[in-house]
*Asks:* 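Dropping the structure in here first, questions after.
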Amino acid sequence: MPDRAPQPVDRQLPTDEARDLISLVRDIAQREIAPKAAEEEDAGRFPREVFTLLSESGLLGLPYDSEYGGGDQPYEVYLQVLEELAGARLTVGLGVSVHSLACHALANYGTKEQQAEHLPDMLGGGLLGAYCLSEPASGSDAASLRTKAVRGDGGSWALTGTKAWITHGGIADFCTVLARTGGEGARGITAFLVPGDAEGLSAAAPEKKMGMKGSPTAQVHFDGVRISDDRRIGEEGQGFAIALSALDSGRLGIAACAVGVAQAALDEAVAYATGREQFGRPIADFQGLRFMLADMATRIEAGRALYLTAARLRDAQRPFARQAAMAKLFCTDTAMQVTIDAVQVLGGYGYTADFPVERYMREAKVLQIVEGTNQIQRMVIARHLAGPESR
């Protein structure tokens, strides 16, 4: 079966610098990420050396201030970088998105002194972050979290509790942690920056997952972890507002990753359909299959346009929460449908590990769950349209 190399996505980028950046990312993806993706995912191996390379290349802090080692890139560029990385391997694309999420609190709510001390290493010093919000009994209902931070002598804090479903759990160099410092509900939550090697911090064995086996997802335990008050981010009780602002941006990261996975699945389906012959001609000649490919491509283009519209609102400092929820919802549902269709295009071969589309399908499913399930996204969108639910 002849090879048909996929054509790179024709991207609308705002500057020559952004075009050069995408070229660099594509080169790294093709040389360092994609060739090892299937083997390492099957083995459950996390590619820490790739994240070191991305950090050295200035790709782990793209949307943040260059004063502290960031890339000064608008979100519309950063998200297209994520899309390229996720198309090569979701473990990498999603890992960069989570790392960016973990940096958000300090970069946007930290003091100048905190930012100067910690951000350079977080953004370009080879460190890798984790974002610790969810707990075993508080996923969608994040405001009911139970991890506690109790103030002790000298103004220090002791953190006790368990976080769940933590990407990079057990391997992160730092964690942004949301903990309860006051009463019940959202107003009793505060954000903290916790070193990954803090005494009393440990991680359970990684979860055994359907997909993304190379990305460790684990419970993280805090057993009286002591940190000084200068690692508190923002004011006491401000943590949940900080978390929500991070999630609006994080949802766009997931949307971009979903489009990357969907694009990779489409590229594989087109290559197979144009090379595979049945009844004396390529199966891409059959109208039923051609229409399927056309629908896949249309959904992907629509998803890309939706997340970029939200990103441009964010870059213009305009409200974008509704559009972020729409992008996360539509793009991840698109990734699920497109990867299912890609498996169907390949038929029996699509169901084997000899082709990557079965892996894409398994990976797409988690994108409908993380950063707020798609049912939560529908609730967010509806509240913008019709106001809060009646009690």
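Remember, it's a predicted structure, so these values are computed and weren't measured experimentally. Note: hydrogens, waters and symmetry copies are ignored here, and every other heavy atom, side chains too, is used. Quick note: residue numbers are just sequence positions, from 1.
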*Asks:* Mind listing the closest non-hydrogen atom pair of Val98 and Gly129 along with its distance?
*Replies:*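 For Val98 versus Gly129, the nearest heavy atoms are CG1-O, 4.2 Å.
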*Asks:* Using every non-hydrogen atom in the two residues, find where Thr162 and Pro136 come nearest and quote the distance to one decimal.
*Replies:* O-CD, 3.5 Å
*Asks:* Which heavy-atom pair separates Leu62 from Leu21 by the least distance, and what is that distance?
*Replies:*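 Scanning both residues completely, I find the closest heavy atoms to be CD2-CD2, 4.0 Å.
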*Asks:* Please state whether the rings of Phe51 and Phe46 are parallel, tilted or perpendicular, taking 30° and 60° as the class boundaries.
*Replies:* parallel
*Asks:* Mind checking who shares a hydrophobic cluster with Val380, ILVMFWY linked at side-chain heavy-atom distances under 4.5 Å?
*Replies:*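 Traced through the cluster, Val380 reaches Ile376, Met379.
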*Asks:* Using a distance-only test with no angle check, is there a side-chain donor-acceptor pair under 3.5 angstrom linking Thr332 and Asn374?
*Replies:*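 Their side chains do contain a donor-acceptor pair, which is all the 3.5 Å distance test asks for.
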*Asks:* Tell me, yes or no, whether the heavy-atom count around Tyr351 atom OH, taken from other residues, nucleotides or ligands under 6.0 Å, exceeds 12.
*Replies:*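 It does not: Tyr351 OH has 12 such atoms or fewer within range.
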*Asks:* Closest approach of Gly350 and Glu358, non-hydrogen atoms and distance?
*Replies:* O-CB, 3.4 Å
*Asks:* Any donor-acceptor pair under 3.5 Å linking the side-chain atoms of Ser215 with those of Thr91?
*Replies:*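 Side chains of Thr91 and Ser215: no pair found under 3.5 Å.
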*Asks:* For Arg146, does the CZ atom have more than 12 heavy-atom neighbours from other residues, nucleotides or ligands under 6.0 Å away?
*Replies:*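 Buried by this count: over 12 neighbours within 6.0 Å.
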*Asks:* Counting only heavy atoms not in Asp141, do more than 12 fall under 6.0 Å of its CG?
*Replies:* yes
*Asks:* For the residue pair Arg314 / Ser249, report whether a side-chain donor-acceptor contact shorter than 3.5 Å exists.
*Replies:* yes
*Asks:* With Glu84 as reference, evaluate Gln263, Gln30, Arg26 under the side chain to side chain donor-acceptor pair (under 3.5 Å) test and give the passing residue.
*Replies:* Arg26
*Asks:* Check Ala310 against Gln323 and note the closest heavy-atom contact, atom names and distance.
*Replies:* CB-CB, 3.7 Å
*Asks:* Could you tell me whether Asp333 and Arg299 have a side-chain N and a carboxylate O separated by less than 4.0 Å?
*Replies:*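 No, Asp333 and Arg299 are not salt-bridged.
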*Asks:* Tell me whether the count of non-hydrogen atoms from other residues, nucleotides or ligands lying under 6.0 Å of NZ in Lys209 goes above 12.
*Replies:*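 Above 12, so yes.
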*Asks:* Which other residues end up in the same hydrophobic cluster as Leu106, if Ile, Leu, Val, Met, Phe, Trp and Tyr are linked when side-chain heavy atoms come under 4.5 Å apart?
*Replies:*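 The other cluster members (ILVMFWY side chains, heavy atoms under 4.5 Å, direct or chained) are Tyr64, Tyr68, Tyr109, Leu119, Met122, Leu123, Leu127, Phe174, Leu193, Ile233, Ile242.
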*Asks:* Please identify which of these residues, Arg11, Gln73, Gln12, meets the side-chain contact (heavy atoms from CB on, under 4.5 Å) condition with Gln80.
*Replies:* Arg11
*Asks:* Mind listing the closest non-hydrogen atom pair of Phe222 and Val177 along with its distance?
*Replies:* CZ-CG2, 3.7 Å
*Asks:* Can we say Lys213 and Glu40 salt-bridge, meaning some charged N sits less than 4.0 Å from an Asp/Glu carboxylate O?
*Replies:* no
